[in-house]
Structure formats: structure tokens, C-alpha cells
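To start, the structure under review is shown below, and the notes come after it.
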Protein chains: 2
Amino acid sequence: MAKAAEPPSGTRDFLADDVRRRKAAFDTVAGVFEHYGFDPLETPAFERLEVFQGKLGEEASALIFKILKRGVHEATGEADLALRYDHTVPLARVVGTYGSQLPSPYKRYAIGPVWRADRPAKGRFREFTQCDIDTVGSASPLADAEVVWAIHDGLVALGVDDFRILVNSRKALHGLLEAYGVPEERGAAILGTLDKLDKLSGDEVVAELVERGLEQRVARELVEDVTATDTDRVRKQLDTTERGREGLAEIDRLLELTSGLPEGRVVFTPRMVRGLDYYTGPIFEVVATGYPGSIASGGRYDGLVAKLGGPDLPACGGSIGIERILAIQAAEAEAGVGLDVALTVLRAEDTVMRMAADLRAQGLRTGVYLGTSGKLGKQLKWANDQRARLVLIHGPEEQAEGVVTVRDMASGDQNRVPVADVATTVREQLGR
Amino acid sequence: MAKAAEPPSGTRDFLADDVRRRKAAFDTVAGVFEHYGFDPLETPAFERLEVFQGKLGEEASALIFKILKRGVHEATGEADLALRYDHTVPLARVVGTYGSQLPSPYKRYAIGPVWRADRPAKGRFREFTQCDIDTVGSASPLADAEVVWAIHDGLVALGVDDFRILVNSRKALHGLLEAYGVPEERGAAILGTLDKLDKLSGDEVVAELVERGLEQRVARELVEDVTATDTDRVRKQLDTTERGREGLAEIDRLLELTSGLPEGRVVFTPRMVRGLDYYTGPIFEVVATGYPGSIASGGRYDGLVAKLGGPDLPACGGSIGIERILAIQAAEAEAGVGLDVALTVLRAEDTVMRMAADLRAQGLRTGVYLGTSGKLGKQLKWANDQRARLVLIHGPEEQAEGVVTVRDMASGDQNRVPVADVATTVREQLGR
């Protein structure tokens, strides 16, 4: 068992620099989504247990944190509430709860923690932030394009520059299987295997496809077609079935509607499957140099809102893997925010408090020494620990003369200024 | 039982305007605390159950949301985790966990949700945001003054203007009881009764004091002394005991150190008790015109961090009742944020998407019509619902001429501009 002093397994305490870094990233992305006219939504940390029950698959259901009934019912050992597992189930509930009070289509973003009782591992937490945008109530391809575009801008704003948005279509995938004569009932399994093409070699995937009932020749052709750099072969196959043609049309529409993005950013990628089988239309996944796996993904999921207990509305959306991006960027993070000004205290506390108030009123991050030591050396050490840029000293000598010593911690330079001029001098020295 | 579509009892969904208003308030207060050199801290939503057990009183313990064990242990009906009840217990844990890695003193703020299984009522929720600042590891009166000052500035930044900060001292209160010959063991009960002076009449409080064992004459004198507008009588009483003198000294020190605040803001208020008995030094409470009850409070609590399982460090802090303030201000809230520009879609989707991208790149909040209607009237209604300031129309006629109609939704004025000039025109019209 872990020490009682540590946060629970799989969770983290965020101290100052972490909080600031994370908040800055969340605010950046939120700002982009706001510019696209997405509205923020915050739902409670927990929902009624029945809101989740039967809505998530078996695997996901096992990961739900359940909350014990309270008071006299606690002894039953039963749960009636559950911590939020994702932002999608609450979205479906909200669309049901507020209906016509919401704009139509309802474009919302949600950036906040979700909880999953997963086995903690490197980079896998039980409390982590999900960053979602979704448009509920629009079947228009513009809605899909807008999601891709907003996610693109969000990533750029987060400082991710070298990335590609792989697009495909669930309809195209099903059309492709049809073209290769794969029976409908094996479709999901075959797609599941194709999805492994980013982890396994082509031969390994062919072998698994054969295990799942494809002929060797068909399996090899399929893998060759979907991994070819040129998409012409796949396009020809897709053209042979109705679903394939529909899928191809929605892929091409998405490519057209996002053609304003930098050349080569959005790429039709026939082998890209997206594990989740609730997608019904265009799908996308973002891969970036320097980031393992995918850092964003999404697609159209027209039946899902109804399946999750909401009204039957078309919907599409996407998610930025913000924890993954933050984890990579943390390695390169800066030292963090220090104080603009640190005030030492050598008697004359009242003057010092007033000076501090003045400086804060000027918008400066200002700290006053609160320790017990009357020694200047100790107080300067404190100021240094606080990464203060300037230190003000108002010792006995300065008090007698009505001045303050302003010390620049980087250069060591110091000069004396009248108490009344402190704020002006400090602002000048800090270039504010 | 409530409808499945509603959020759980005592919790709220925050839709767009609410999220924005709340975030703005939290960011405002955080900005003030940052200026005082307080560091943000975010702890997990839940802690190990034992972190809370035996730390909170019986009443508080009954309000904890407990999380059921998972997997094979779920059937035991036992809990091992508990949702955060306040920010103080996690603070004590963090001070224990990180010790010397933290600045000394450790000045932190926490603005985030806490969960209590209280009976929901008007203005009382099971999920609500607490907004705390605390300084752990400083016994200096400057630390107390700084907390008062930061809370003061936080309230001003939140737009609360007409308020007073009532200050007192737990030492002074105990000294007062000593001066009136109240036996030590009855102290807590007597103070509990005095605390009701803001709700009950003087006579009612005298009656209750008599019930609790005070002589009628003593009870009346005590109530008269602590409620007199002039504090001279109380000061004289306090001067007769050592604890009283100590308390008076720390009150006067706090008044001195906050004398830079506007005249009359900080007021020695002998009848102000603060319900919680963990306070050990100066205490304060903020009352404001137009807000019932108190909207902020705090004080020094030197033994508490150790009692909560942390190291034995002096500490003081305060809390802004931000939910209460937000609730009052909501009544006067503005209509909220609309779109800067709404783009209708009458074919030519690609051009529209590119125009939208341009406008967003200029920092404008831009929405594209995503519905199915090809009728301009319906699309203008949507733009109106979105509170758009300008609407762009690029219909068949405009397409033929390579122009866009820019319509001002407030005045109804419209003019045609070449597609290439749209961004410039829009920015001019919006004054950006």
C-alpha cells in the first residue's frame, strides 16, 4: 500500500507551475473553440449510475468509479452515482435535458477531468483531462469539416506544428470490405485487424486476416491496397460498390471543405480505421512528429446520441489528446513564473505592506517576506527561491533616509530611491 | 425520483453563459491571488478515505461521498476513496507529501469544486466551488494581514464594493469570557450562543446565555459590551486578563497592518465569533450590502495542519464565498456573448469555409450555418438566435458578382463588398 501522504494511485497533485502550464493550454484551446462558435459546457463530476448503465460497453463499464449511497443506505453497499467516464454520455444527457433551449445545431466544447479505474501505468491516469468538441444536430459535411478545422487550429495554438490529419470514412471501409467479398458479419473483426497496421508489419496483419477467415490472396491484396502511398487502387475498388462510392464522396467532400488548410495537412488514409465502431461517416486521426500514437481524433457518429439516451440527432466531433501533448511538452517546459518584486521586512512592516499594495495595484506579482528571520541574507535567499526579479530592501539605514534599496537579482545592481518613487522605478526597471 | 434526464440532485449543468461567467470570476480572483504571490494548487477530486477519517467532525464525516472499491472488491460494498470535502484536508496532505519541495512559507490558492452530501436546498449544492487562500508555515502577523488584504482585493475585483471586514481574535474572545468569570469548560457553548447575535435579538441571546449557566446580569453586560458601537468597554474588559491583552494586541496589529485599505473597511467587531473552533488567533468575516450572511471569512488556525495529518506548522487563511456572490450577481448578469459574424450557406460552401477561416484568423468569433435549410430567412433566424452582430450572405446573385452582402443585425443596414475585402470591412464595422 502506498504511503498515506501520496495522492491516490493513478492521480496527481498539480503544484504551481503545472497548474499554470495546464491552465494556459486549456485556455488556449478553449479560445480557439470559442472562435469557431462552440459553447462551453460543464456537467457535474458525477451522474446517476443509470445514465451510464447499458450505455457503455462491458469493458468501459468495469472502469466506472461508483459512489456509495449515503446515510442509512450506506450499509447496503450499493451505489447510486458514478463519476464521469467521458464527456460524451453527459452531452447526450444534456441534449435530452435542455432540448430546444440549446442552439441548433448544438456546438459545444468540454475541457475537464474524467475518471477511469484503469490500471495506472506510465502516461495512463485514473483522473485525466479530456478535451472534446462536438456538433449535435447537423448532418452537414460542413460540420465535419469545421470540427477538423477547429482541431487543426487548436493543435497549432498548442504549439504542435509538424502534423498530418489522416481522414477516412466508415462507409468507405465497409464498401471496401464489400468489394473484397468479406461477409458482413466478419466486417468488424477484419477492420479491427486492419487497425493494427500502425503497430504490426504488413505480413503480420495479413496472417491475422487469414486467421479471421480471409483467403491469403485477398488478405494480401487488401493490405497492399490500403497501405499504398497512391490511393488510386483503393479508389478503384471503392468505386465498385454503392457504399464505397458514398464513402469516397464524403471523403472527397471533407478534403475539399478543408482545402484551405496548409497543403498536405489533410490526407486520405485508407488504412486508418479508428477502433470505435460507433462512427458512421467520415473519421480522422492526427499524427505528429515527436508524439507517439495519435494526438487527436474524431468523426461522425450519427446513431450514438440516441443510443446514449439522448434524442436521435446526427452528430460529429473530435477530441484533442491534451494530456499526451502536455506530457511531451512538459519535458521542454520553462522554469515557470517567479515574483516580479520581493519585499524584505526589517521592521517598518506597515510601510512595507503599503509598498506591496502599491506594486500589486500596478499589476506586479509581489511577495512580502513572511518568515521569522531578521537577517537580510536569509531574506535574500527566500527572494532568490521565489525567482524574484527585483528585491526591495527597507532596512534601518534606508528607513532613516526615507529611501528603499532596489536590487536587480540577475545583475546584482542596486540603487536607492525615495519611498514615494518606488513604484515608478520598479516599473521602469521591469520594463512595464 | 427525479427524471433520468436531469443532473443528480444538488448538482448543476453549466451551459455556455454560466461557464463563461463563472470562469471569468474564478480567473479574476486567481489573478489577484497570483499578484500576492500565492501559488495555485490542484489536488485530485478524491483522496484515500483514511485521509479524511478522524480528521473531520462527525457531522462533516456524514457528508462525505464515498467511492466503492472496484473489480472483485466491489461486492464487499466497501469504500476506499472519498470525494474532496474541502480544500483544507488536501492542503494538509500536500504539505506533508512535498515538505521542503514547497516554498516556505507555502502560500497557495485553490479554486475548484468540492462535494458534500448535504440536503440540497435553495443556494445549497452538493457540488460547489470553494475559493481558498492559505499560508502555511508563517506565524507572522503579516501573513494574517496579507490574507485579509488579498481577500479584500479579490472582492473588489469581483465587483463587490460596499463591504466591511469584521475582525476579532479567538484569544480576545477567550480573554473576554475569563474577564466575565465564565468557566473554561463552558466557553465553547457560550461563544456558540454569542455567534447567534447576527440572527437573534440581544434579549434572545441573553436568554440563551442564561440557559447555558450565566447569571442574568453577567449575560446582559456581556451582550451589551460586545454589541456596543464603541469598543472601549470591551477593550477595558480585555485589558484585565493576559489572554485578553494578547488578543487585543493581535487585533490592533492586524488593524495597523491593514490601515492602507480604505477607511472603515476593517472593523474590530467584538461580537464576531466564527463558528469553527479550530481558529487560534485573529479571525475575520466580510459582510456586504446586498449580500445576505457573510461573503468571505478566515483566520489563523495554528494547530489544524497537524491535526489534519500534516506537519505541525502555523497557518492562516481565508475563503471567498464565490458561489454566493455569483448567485447574487447572476440576477444582474448580462445577456452573454454572441457571435461576431455569422455566415449563411447558400451553396458555395468552400468559399464560405475559407471566409470563416479568414475571419477566425483575425480573432473574430465566427459561426457557419450548419443546418439543412436552404432558405435565407431560416438562416437569418439562426444568426439572430446566435446573437450575431454581422451576417454574411453569399447567395447566387452575390456569387455571380464575386461579392458578399454584409448585414448589420442591429441596424438592418447592409452593403455589398468584394469577397477579397470581407475581412477588412467586417473588422471596420465591428471596430476591431
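Predicted model only: the values in this text are computed from it and were never measured. Proteins come first, then strands; the chains are lettered A, B, ... in the order of their sequence lines, and each starts at number 1.
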Are any non-hydrogen side-chain atoms of [X] and [Y] less than 4.5 angstrom apart?
{"X": "A:Lys66", "Y": "B:Glu74", "value": "yes"}
{"X": "B:Leu83", "Y": "A:Leu83", "value": "yes"}
{"X": "A:Leu15", "Y": "A:Asp17", "value": "no"}
{"X": "A:Leu142", "Y": "A:Glu146", "value": "no"}
{"X": "B:Gln53", "Y": "B:Ser61", "value": "no"}
{"X": "A:Pro44", "Y": "B:Arg126", "value": "no"}
{"X": "A:Asp340", "Y": "A:Thr366", "value": "no"}
{"X": "B:Glu34", "Y": "B:Pro40", "value": "yes"}

By a 4.5 Å heavy-atom criterion (distance strictly below it), what part of [X] contacts chain B: side chain, backbone, both, or neither?
{"X": "A:Glu349", "value": "both"}
{"X": "A:Pro105", "value": "side chain"}
{"X": "A:Ser104", "value": "backbone"}
{"X": "A:Val345", "value": "side chain"}
{"X": "A:Leu261", "value": "neither"}
{"X": "A:Phe128", "value": "neither"}
{"X": "A:Val94", "value": "side chain"}
{"X": "A:Leu63", "value": "neither"}
{"X": "A:Asp80", "value": "neither"}
{"X": "A:Lys69", "value": "neither"}
{"X": "A:Ala143", "value": "both"}

Name the region of [X], side chain, backbone, both or neither, that has any atom closer than 4.5 Å to a heavy atom of chain A.
{"X": "B:Ala62", "result": "neither"}
{"X": "B:Asp27", "result": "side chain"}
{"X": "B:Ala92", "result": "neither"}

Rounded distance [0.5 Å steps], CG in B:Leu339 versus CG in B:Asn384: 11.5 Å

Rounded distance (nearest 0.5 Å) linking atom CG of B:Asp350 with atom CE of B:Met353: 9.0 Å

Between chain A and each of [options], count heavy-atom pairs under 4.5 Å; write down the option with the most.
{"options": "B:Ala30, B:Pro8, B:Ser140, B:Ser138", "value": "B:Pro8"}
{"options": "B:Leu257, B:Asp18, B:Asp153", "value": "B:Leu257"}
{"options": "B:Ile67, B:Leu102, B:Val32", "value": "B:Ile67"}
{"options": "B:Ala139, B:Ser9, B:Ala45", "value": "B:Ala45"}
{"options": "B:Ala16, B:Gly37, B:Gly77", "value": "B:Ala16"}

Ring centers of A:Phe38, A:Tyr109 separated by less than 6.0 Å: no

B:Phe65-B:Trp115 aromatic ring centre distance below 6.0 Å: no

Only pairs of heavy atoms separated by less than 4.5 Å count here; which of [options] has the most with chain B?
{"options": "A:Asp358, A:Leu364, A:Thr372, A:Asp385", "answer": "A:Leu364"}
{"options": "A:Gly71, A:Ser259, A:Gly371, A:Gly367", "answer": "A:Ser259"}
{"options": "A:Trp382, A:Phe14, A:Trp149, A:Tyr369", "answer": "A:Phe14"}
{"options": "A:Leu359, A:Thr258, A:Thr11, A:Asp13", "answer": "A:Asp13"}
{"options": "A:Thr43, A:Leu41, A:Thr135, A:Leu81", "answer": "A:Leu41"}
{"options": "A:Lys23, A:Glu78, A:Gln101", "answer": "A:Lys23"}

Side-chain (A:Arg70) to main-chain (A:Leu68) donor-acceptor, under 3.5 angstrom: yes

Polar contact flag, side-chain donor to acceptor under 3.5 angstrom, B:Asp39-B:Tyr106: no

B:Arg12 to B:Phe125 six-membered ring, cation-pi geometry met (6.0 Å, 45°): yes

